[in-house]
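The structure appears right after this line, and notes come after that.
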Amino acid sequence: MLTHEEILSRLRERFPEAVLDVPEGMIDFTIVIAPQAWHDVALFLRDELGYDFLTNVTAVDWPDRFEVVYHLYGVQAGHPLLTIKLPVTDKENPVVPSVVDVWRSADFQEREEYDLMGIRFEGHPNLKRIMMWEGYEGHPLRKDFQNRTYSYAELEPTRKATPDW
Amino acid sequence: MENVWTIENVWNAIGMALQNWLAGFLPAWLVTLIMDLLVIVVLLAIGIVAVLILSFLERKVAARAGDRYGPNRWGPYGVLQPFADAIKMLIKEDIVPHVADRFSFNLAPVIVTVGAVMTYAVLPFGRNMVAANLNIGILYFAAVGSLSIIGLLTAGWGSRNKYALISAFRSVAQLITYEVPLALCIICVVMLAGSLSTQDIVLAQQERGWFFLLMPGIFILYFLAASAEMIRCPFDLLEADSEIVAGHFIEYSGMKFALFFLAEYIHLFAGSAMMVTLFFGGWLGPWLPSWLWFLIKTFVVIFVFMWIRNTFPRIRIDQVLKIGWKVMVPAGLVGLAITGFVDKLIADTLIAGVVLFVCNIALIVGVSYFMGRAQRQKEMAAEGAALR
Amino acid sequence: MSVQIPPTERLRTDTIQINMGPHHPSTHGVFRMVLTLDGETVVDLEPRFGYLHRGIEKTAEERTYVQNVPFTDRLDYICGITNNWAYALALEKLAGIEVPERAEYIRVILGELTRVMNHMLAIGFLWNDLGATTFTPVVYAFRERERILDLIEMAAGSRMMPSYIRAGGVVADLPEEFMPRLQKLVPHLKRFIDEMDTMLTKNEIFRARAVGVGVLKAKDAINAGVSGPVLRASGVPYDIRKVDSYSIYDRFDFEVPVHTAGDVYARYLQRLAEARQSLRIIEQAMRDIPEGPVTSLPYKQLSRLKPPKGEAYGRIESPKGELGFYLVSDGSNKPYRFRIRSTSLLNLTLLREMCIGHKVADVVTILGSIDITLGDVDR
């Protein structure tokens, strides 16, 4: 068990530039990390602080930015919840580093955020749509997503003609 | 054969009466032809009636095993359900996949069913009641019984479905594997009986006692091999619905599917009947007519098969083959050697029987000990595997 | 784990690709796996999702907080109660709502009943996948499940989609007949679980099929976010009921069973042991349940609930593992972001690694032992 101050001081000591903000008044202890430093910070969190359980990866579409949110626990060390946020200000082409090689649990969840929120996770080995079909346009969980009616032909999954096996 | 009307030989008497009546106004060759055809028709009818009863029984037994009612809508206790099923099958659309190999696709159910029905020829349904008392009856049974492999392979290949293809592979691997121990067990019985004819085997059991009592080890081997041959649980890998959906008949519908279904239950009936013939004294039994004894015993064996089906999960294909080649074939060979030596060295039938029984028990104990030990070792090794 | 395909000099072999699902009897719903097979051996497996994707996360952003409760029922449709509970917990954390004592006890009782039910079904379906062709174990599990569902119906008015646990407590108090029936049911369930144990545990075929199949290493499991019985069967004693001791779980005396083999058989034993512990908790809760109000937030207030700006992640130990809800509020009566941390999706992460090298038949067994619900995977 680490106190919040310990985590912060060790993070700041190791990555002076990475910690952007520690927002006050949050229900869960949250640290805002610079996206470009995230992969190194993730390795540090896992290997040296013992946060070995990445439980949730998600993203929030704010009017001015995307926020990629990670919820971490330490199973073996018994750490309580640690929330990591990455602000992504580029709304046109949001990119954050992938942490699949750090925590395997990010695999499907990053794909899901890519699919539904349109955030590209750089370094993900298999960044494909997961819930929507291939060839689908748009990212439904974005706030500016315009829902519309689909014709049957559009809903047919894009597939090649029957292969001759 | 004299024409006596008793319950015991009522069927024979009917046949004889018919033959005599026909002989009154038809040439001899025509009478023989008609009588032979009649026997064939009767056997087919028995086959189909047996399937109707068995399919109903299967569902009822499964339902009772699962604390359910089972079919209970058509007729009292749902006894008319098989007819409803049959009508449904007949009027269903016959779908042939457009990529299927039509010739083999259509041929497969025929091969399977014909192969199954042909086994009925040598079943001794009662005293003097066997369609063809061949002197190689049991050999014929084994040979014709394995005809269905070709049908299954054809079905699996012709469907052009990958699940069906896997099932076809499995059918060849499994059925051929289990032919060997099956044949070894049959040879043991044949050695004791001194004949390949099914009727003689039954009569031999009248003298020496039921072979099931003499050779329990061989019986268990035969039972397992036969359930593999009949594609019954736990060896029903060919039609494993949880893995390869329905196996070779995944693409079949309507009447063709019904033919596979028919063949499966004909196999079940014929296999059980042959087991009764080989190990349970066939139609032997006091008080009741012989054909009734035969049917009672057969249905008891069938019930055991159904019971097992409702109780056990399925074995995996590599385990099936491993058990087949590494356990059943060696055990069958040992059993064959035991039977041969005892049969030749000990002249007195009673002492021979006792020795045979003891040796067979030793065989069962030995095989189960080694199999159990292997499994326990595997389990010991698995413990704590996640933490290593 | 990798497969060594022996060099073939004379015989030219080829792998085949086979589509297991979305319509397959053993994929527990509309799940699809693209298998590459070398004969019967699995060389590669790729899970494909999305056939049951209903966009709950998006839809929920357009509904008020209380209107979202029915959506949670439909995630893991086997255990609606615990889904409601996870959502209620997150919302209570977000809005700072207190829960009355009696409501907590009711939640525990129903939640643990749900766990027993889920574990029984999981074992039954595992046997189905193993090839108990005529559904015998699963039919018995269904029979007992029906008794539990009767109780849930008594409390919530609905069998599978209860929407019973809401922020601030539960919808309505238990009816009078509930407790006597529960008192009769608990010993009955205990007997049933013992019966299952005697019937299934020692079965040689089952052991031959399940021991050493689909081994999941503890380290990999933690790294891949696997939770619940699957994680604990890999030797990690991580139970959120103990770790977070949310609700009132710190008051009960129960153990966290652990098995160390990490295979299908260990997961089976794990579920059996957990169902027993759940019944233990129910017995204690039944004994201690106090009288009093069942909700601190009547429906009129709940329907107008506007949590302050902020965000909260709440999680519970659902029968299948960690079920979490991440709620972001912008101060209005609708969630700004409604994220479901799905149990089944995360437990599937290592499916490929677990299956490679095993036979086709083992794929369905491993999938059955992970115990997924497609409503939860796709959402």
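Every chain is numbered from 1, with letters handed out A, B, ... down the list of sequences.
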When you check the gap from the basic side-chain N to the acidic O, do C/Lys219 and A/Asp52 get nearer than 4.0 Å?
-> no
Heavy-atom distance under 4.5 Å to chain A: side chain of C/Tyr51, backbone, both or neither?
-> neither
Chain A contact via C/Leu346 - side chain, backbone, both or neither, heavy atoms under 4.5 Å | side chain
Below 4.5 Å from any heavy atom of chain A, which atoms of C/Ile16 appear? Answer side chain, backbone, both or neither.
-> neither
Geometric class of the A/His71/C/Tyr313 ring pair [parallel <30°, tilted 30-60°, perpendicular >60°] = parallel
Are C/Arg339 and A/Glu67 ion-paired here, with the side-chain N under 4.0 Å from a carboxylate O?
-> no
Chain A heavy atoms under 4.5 Å from C/Gln17: which part of the residue, side chain, backbone, both or neither?
-> neither
Contacting moiety of C/Tyr238, where chain A heavy atoms sit under 4.5 Å | side chain
Under 4.5 Å, counting heavy-atom pairs only, tell me which of A/Leu54, A/Thr83, A/Val100, A/Leu81 racks up the most with chain C.
-> A/Leu81
Proximity breakdown for C/Glu62 and chain A, heavy-atom pairs closer than 4.5 Å = neither
Region of C/Glu57 in contact with chain A, defined by heavy-atom distances below 4.5 Å | both
After noting the C-alpha distance and the side-chain angles of A/Thr55 and C/Arg315, does the key distance pass the side-chain hydrogen bond (donor to acceptor under 3.5 Å, both in side chains) rule?
-> CA-CA 10 Å; A/Thr55 188; C/Arg315 61 168 189 170; 5.3 Å; no
